[in-house]
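See below for the structure under consideration.
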2 protein chains.
Amino acid sequence: MDNYINKDYTIDNEQLARFAKAMGHPARITILQFLASMDSCYFGDIHNELPIAKATVSQHLKELKNAGLIQGEIETPKVKYCINRENWKKAQAFFDVFFKNCKEKTSCCH
Amino acid sequence: MDNYINKDYTIDNEQLARFAKAMGHPARITILQFLASMDSCYFGDIHNELPIAKATVSQHLKELKNAGLIQGEIETPKVKYCINRENWKKAQAFFDVFFKNCKEKTSCCH
DNA sequence: AAATTTGTTCGTATTTTTGCGAACTACGAA
DNA sequence: TTCGTAGTTCGCAAAAATACGAACAAATTT
């Protein structure tokens, strides 16, 4: 019973869902992709990439930060964002395992 | 401009976000994992795995179907669900490329 | 000191998601 | 025909997500 937070879902499934949920919006995918490919990653640069208001960008960034996929540091008067590589790798591993575990041999619906 | 649906986000980013969103709930992750590992995959079997009402399970299944990750066929009086392998592989490829594209060399926030 | 730059936070509105029970459909069994 | 089984759909309620402008904070420039 150690894999369960509250007897509903396993911790791993909760974690994977959390990562997936954070990626579940095109703006956030775009942000992650941008950060993953660039050196300079100030808030303003990110905002320029997106067709949404800065308040909304800030909110999306906060969600990505809460999910652990990015991190930010103040470089007054700017804020520098970047990928959280440690958790990025964790997420990558989670998705990798998840997709690999689909058996080719199952007979359902074929 | 062919990569854009409506000049907001690229089609690929929209698609990846759609897959991610579908995976963004522990119940749906659990369903996908179950289907990916089992031969028998009737609605009832799925329902038994989850701590939620059948109406809710049905709704989650519909979302997964809309995202293209699963498919169902009627086997009266039951309904047999399974992974949509074609789209599963597409999703796998999308996530794979996405996570790989994080350059190790970027200097931001280090 | 006043103004500018760079983001965040607040308040609010709208939409979407999540969840459930009850009603319904479709079929086979009694 | 009536009943039971297996799921879906409907109607609703509560919560969360999305989005924005306005107000705010912190530092620098004028």
Side-chain angles (χ1 to χ4, degrees), chain A residues 5-9 13-14 17-32 34-35 38 40-67 69-82 108-109, chain B residues 5-9 13-14 17-32 34-35 38 40-67 69-82 108-109:
Chain A
I5 292 172
N6 53 17
K7 93 175 176 173
D8 272 0
Y9 304 106
N13 281 357
E14 296 260 13
R18 201 148 38 235
F19 281 139
K21 191 173 187 178
M23 293 174 60
H25 191 290
R28 292 195 292 270
I29 288 289
T30 304
I31 290 169
L32 290 173
F34 186 66
L35 289 183
M38 303 290 280
S40 98
C41 42
Y42 294 114
F43 174 90
D45 301 325
I46 296 167
H47 181 210
N48 285 340
E49 290 291 301
L50 300 171
I52 52 183
K54 62 181 178 166
T56 309
V57 173
S58 204
Q59 235 173 228
H60 282 306
L61 287 168
K62 194 198 268 181
E63 280 178 68
L64 289 171
K65 213 161 33 172
N66 287 341
L69 290 172
I70 68 171
Q71 59 198 86
E73 58 185 47
I74 296 168
E75 230 173 64
T76 313
K78 299 188 176 182
V79 179
K80 205 175 193 179
Y81 280 100
C82 66
C108 173
C109 299
Chain B
I5 292 173
N6 54 16
K7 94 177 178 174
D8 273 359
Y9 303 105
N13 281 358
E14 296 261 14
R18 201 150 34 235
F19 281 139
K21 191 173 186 179
M23 294 173 60
H25 191 289
R28 292 196 292 270
I29 288 289
T30 305
I31 290 169
L32 290 172
F34 185 66
L35 289 182
M38 303 289 280
S40 96
C41 41
Y42 294 113
F43 174 90
D45 301 325
I46 296 166
H47 182 210
N48 284 342
E49 289 290 302
L50 300 170
I52 52 184
K54 61 182 178 167
T56 309
V57 173
S58 205
Q59 234 172 232
H60 281 306
L61 288 168
K62 193 198 268 182
E63 280 177 68
L64 289 172
K65 213 161 33 173
N66 287 343
L69 289 172
I70 68 171
Q71 59 198 84
E73 58 183 49
I74 296 169
E75 228 175 67
T76 312
K78 299 188 177 185
V79 178
K80 204 175 194 180
Y81 281 100
C82 66
C108 174
C109 299

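Lettering of chains follows the sequences in order, A, B, ..., and the numbering in each one begins at 1. Since this is a predicted model, take the numbers as computed values, not measurements.
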How many Å lie between CD1 on B/Ile74 and P on D/dT8, as a whole number?
8 Å
For A/Lys21 and A/Gln59, take the nucleotide of DNA chain C holding the closest heavy atom to each; which residue's nucleotide lies nearer the 5' end?
A/Gln59
Apply the test side chain to side chain contact (heavy atoms under 4.5 Å, CB included) to residues B/Asp45 and B/Met38: give CA-CA distance (whole Å), side-chain angles for both, the deciding distance (0.1 Å), then the verdict.
CA-CA 10 Å; B/Asp45 301 325; B/Met38 303 289 280; over 6 Å; no
When you measure from the side-chain N and O atoms of B/Tyr81 to the phosphate of D/dA6, is any distance below 4.0 Å, counting only OP1 and OP2?
no
Report the distance from atom CZ of B/Arg18 to atom P of C/dT16, rounded to the nearest whole Å.
14 Å
Would you call B/His60 and B/Leu50 a side-chain contact if the rule is heavy atoms closer than 4.5 Å?
no
Using whole Å, what does the distance between atom P of nucleotide C/dT18 and atom CD of A/Glu14 come to?
13 Å
Whichever of B/Val57 and A/His25 has its nearest DNA chain D nucleotide further upstream toward 5':
B/Val57
Taking only side-chain nitrogens and oxygens of B/Tyr42, does any of them come within less than 4.0 Å of OP1 or OP2 of D/dT5?
no
Using whole Å, report how far NZ of B/Lys62 lies from P of D/dT9.
5 Å
Side chains of B/Leu35 and B/Leu69: closer than 4.5 Å at any heavy-atom pair?
no
Of the options D/dA22, C/dT5, C/dC20, whose atoms approach the side-chain atoms of A/Ala55 most closely?
D/dA22
Expected output: side-chain B/Thr30 to main-chain B/Pro26 donor-acceptor under 3.5 Å
yes
Could you tell me the separation between the CD atom of B/Glu63 and the C1' atom of C/dT17, rounded to a whole number of Å?
7 Å
Just to confirm, is there a sub-4.0 Å distance from OP1 or OP2 of D/dA17 to any side-chain nitrogen or oxygen of A/Arg28?
no
So, does B/Ser58 get its side chain near the phosphate of D/dG7, meaning an N or O under 4.0 Å from OP1 or OP2?
no
Taking atom C1' of C/dC27 as reference, at what distance in whole Å does atom CD of B/Glu73 sit?
17 Å
At 4.0 Å (heavy atoms only), tell me whether A/His47 reaches a base, stays on the sugar-phosphate, or touches nothing.
nothing
Tell me what B/Thr56 touches on the nucleic acid: a base, only sugar-phosphate, or nothing, going by heavy atoms under 4.0 Å.
base
Considering the options A/Lys80, A/Glu75, A/His47, A/Lys78, which one meets the side chain to side chain donor-acceptor pair (under 3.5 Å) requirement together with A/Tyr42?
A/Glu75
When you measure from the side-chain N and O atoms of A/His60 to the phosphate of D/dA17, is any distance below 4.0 Å, counting only OP1 and OP2?
no
Which nucleotide in D/dT5, D/dT18, C/dT8 has an atom nearest any side-chain atom of A/Val79
C/dT8
Winner on side-chain proximity to B/Lys78, out of D/dG7, D/dT9, D/dC20, is D/dG7
Whole-Å distance, A/Lys80 NZ to C/dT8 P, equals 15 Å
If you assign each of B/Gly44 and A/Thr76 to its closest nucleotide in DNA chain D, which residue comes earlier from the 5' end?
B/Gly44
What's the CG-P distance between A/Leu64 and D/dA17, to the nearest Å?
13 Å
Over 60° means perpendicular and under 30° means parallel, so tell me whether B/Phe43 and B/Tyr81 are parallel, tilted or perpendicular.
tilted
